[in-house]
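Data block below; observations after.
Any value given below was found using the heavy atoms of this structure, including those in side chains, with hydrogens, waters and symmetry copies removed.
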Amino acid sequence: MNRFLTFITVVALGCSIMPASTAGLVEVDVELVLAADVSRSMNTTELKMQRDGYAAALSDPSFIRAVQGGMLGRIAVTYVEWAGADRQNVVVDWRVIDSAQSAREFALKVNATARDPARGTSISGALDFGLRLIDSNAFEGLRKVIDISGDGPNNAGRPILLARADAAAKGVVINGLPIIVPGAAVIDNLDDYYAECVITGPGAFSLPAYGIEEFALAIRRKLILEVSAAPTASPKVLSIASTVDCLIGEKLRLRYYDRYYPEL
């Protein structure tokens, strides 16, 4: 009997002591960084439609139902806009979404301030910034996800594969939403580039939006998959025979400067 009581006491003590890394943190189903491209390849109309798309998706009843259907029924979200290697801006800081009201409040803040496009497309910089936001927040998620949208390949900052590897090492899933604008695409195979050079982690996926007009529908589908306990979309796996060049953005930028600024 004494040994039984001792066992119960040990179990109780063990359950009451949280690991130092999670002590005092708010538990959520997902820590989600929404990282939106605001580089100069996105004009002001496209930027507005991108923000409108995020705002509409975040306040959509199907997304809210997906959030509430999680194990804890709440997620932590932050919305970031990014361009060059040193151009990342937190538009909406970390907030808990657990109801229609909290989702609407977040969506309103996404659209509260319009921003002009900035130079450079550093997906790697956005990922590094997103990792720092996850490391320093007040939440502990069952899953940690960076959702990155953009209309071009990485062309500034460090190589994308290095940033992706750091995210994978920390157990952070990267999902992609390439925006493919007909007639104005930086590269022809941006969807393949995102699938093979950007996304990583268990259940990671890339869901392209063919034209900014499709963005609202694509981001809604994507957010529902991201907050669901078991995403059904499967990532495209990088094969040995892949012809995607994960440094294509950097090479194109060098060619541009060689052509127009040969004195540099």
For this session: Determine yes or no for a side-chain-to-main-chain donor-acceptor pair under 3.5 angstrom, with E31 supplying the side chain and V145 the backbone.
Result: no
Problem set entry | Pairs touching residues 120-132 that satisfy salt bridge (charged side-chain N to carboxylate O under 4.0 Å, His left out), sequence neighbours left out | D128-R158
Exercise. Nearest heavy-atom pair of A156 and A85: which atoms, and what distance?
Worked result: CB-N, 4.3 Å
Exercise. Nearest 0.5 Å, what's the CG-CG distance between D191 and L207?
Worked result: 11.0 Å
Exercise. Can you tell me how far the CG atom of L58 sits from the CG atom of L223, to the nearest 0.5 Å?
Worked result: 5.5 Å
Exercise. Should R51 and E81 count as an ion pair when the cut-off is N to O under 4.0 Å?
Worked result: yes
Exercise. Under the side-chain contact (heavy atoms from CB on, under 4.5 Å) test, which residues partner A66, sequence neighbours left out?
Worked result: I224, V227, S228
Exercise. In Å and rounded to the nearest 0.5 Å, what is the CD1 to CD distance from I160 to E196?
Worked result: 13.5 Å
Problem set entry | Contacts of type side-chain hydrogen bond (donor to acceptor under 3.5 Å, both in side chains), residue D29, not counting sequence neighbours | none
Exercise. Taking only residues two or more places apart in sequence or in another chain, which ones pass salt bridge (charged side-chain N to carboxylate O under 4.0 Å, His left out) with K48?
Worked result: D52
Exercise. Going only through I, L, V, M, F, W and Y residues with side-chain contacts under 4.5 Å, is there a path from I64 to L108?
Worked result: no
Problem set entry | Same apolar cluster: V96 and L72, side chain cutoff 4.5 Å | no
Exercise. A56: what forms a side-chain contact (heavy atoms from CB on, under 4.5 Å) with it, not counting sequence neighbours?
Worked result: none
For this session: Would you please name every residue forming a side-chain hydrogen bond (donor to acceptor under 3.5 Å, both in side chains) with R95, sequence neighbours left out?
Result: none
For this session: Looking only at non-hydrogen atoms, find the nearest pair between L177 and A209 and report the distance.
Result: CD2-CB, 3.7 Å
Exercise. So how far is it from I97 CD1 to S59 OG, rounded to the nearest 0.5 Å?
Worked result: 9.5 Å
Exercise. Roughly how far, to the nearest 0.5 Å, is OH of Y193 from CD1 of I248?
Worked result: 9.0 Å
Problem set entry | With sequence neighbours excluded, residues passing side-chain contact (heavy atoms from CB on, under 4.5 Å) with L247 | P159, D245, E250, K251
Exercise. Looking at side-chain heavy atoms only, is the closest gap between S122 and N154 below 4.5 Å?
Worked result: yes
Problem set entry | Rounded distance [0.5 Å steps], CD1 in I148 versus CG in D37 | 8.0 Å
Exercise. Is there a side-chain contact between V92 and V77, using heavy atoms and a 4.5 Å cut-off?
Worked result: no
Problem set entry | Joint hydrophobic cluster, L162 plus L127, side-chain heavy atoms closer than 4.5 Å | no
Seminar exercise, completed: Per side-chain contact (heavy atoms from CB on, under 4.5 Å), I146 is matched among V173, N175, I134, L133 by I134
For this session: Side-chain contact test, heavy atoms from C-beta onward, threshold under 4.5 Å: evaluate it for D147 versus I219 and give yes or no.
Result: yes
Problem set entry | Passing option when V30 is tested against R143, E226, R74 for side-chain contact (heavy atoms from CB on, under 4.5 Å) | R143
Exercise. Taking all atoms of both residues into account, what is the closest heavy-atom pair of A107 and A55, and its distance?
Worked result: CB-O, 3.4 Å
Problem set entry | Q101: side-chain hydrogen bond (donor to acceptor under 3.5 Å, both in side chains) partners, not counting sequence neighbours | R104, E105
Exercise. Taking only residues two or more places apart in sequence or in another chain, which ones pass ring pair (Phe, Tyr, Trp, His ring centres under 6.0 Å) with Y79?
Worked result: Y54
For this session: Identify the heavy atoms of T200 and A168 that sit nearest to each other, and give their distance.
Result: OG1-CB, 3.7 Å
Problem set entry | Distance-minimising heavy-atom pair for A204 and I174 | CB-O, 3.5 Å
For this session: Determine which pairs satisfy ring-ring contact (aromatic ring centres under 6.0 Å, His included) with at least one residue from residues 122-144, sequence neighbours left out, and list them in order.
Result: none
Exercise. Is there a chain of hydrophobic side chains (I, L, V, M, F, W, Y, each step under 4.5 Å between heavy atoms) that links L34 to L217?
Worked result: no
Seminar exercise, completed: Taken in chain and number order and not counting sequence neighbours, the residues that satisfy side-chain hydrogen bond (donor to acceptor under 3.5 Å, both in side chains) with D93 are none
Problem set entry | Atom of G150, atom of W82 and distance for their closest heavy-atom approach | CA-CZ2, 4.5 Å
Exercise. Judged by atom type as modelled, is there a donor-acceptor pair below 3.5 Å linking the side chain of N155 to the main-chain atoms of T121?
Worked result: yes
Exercise. What residues form a salt bridge (charged side-chain N to carboxylate O under 4.0 Å, His left out) with R220, not counting sequence neighbours?
Worked result: D60
Exercise. Should V244 and I180 be counted in the same cluster of Ile, Leu, Val, Met, Phe, Trp and Tyr side chains packed under 4.5 Å apart?
Worked result: yes
Problem set entry | Heavy-atom check, side chain of W94 versus side chain of V33, under 4.5 Å | yes
Problem set entry | Short side-chain to backbone donor-acceptor contact, Q50 and F215, under 3.5 Å | no
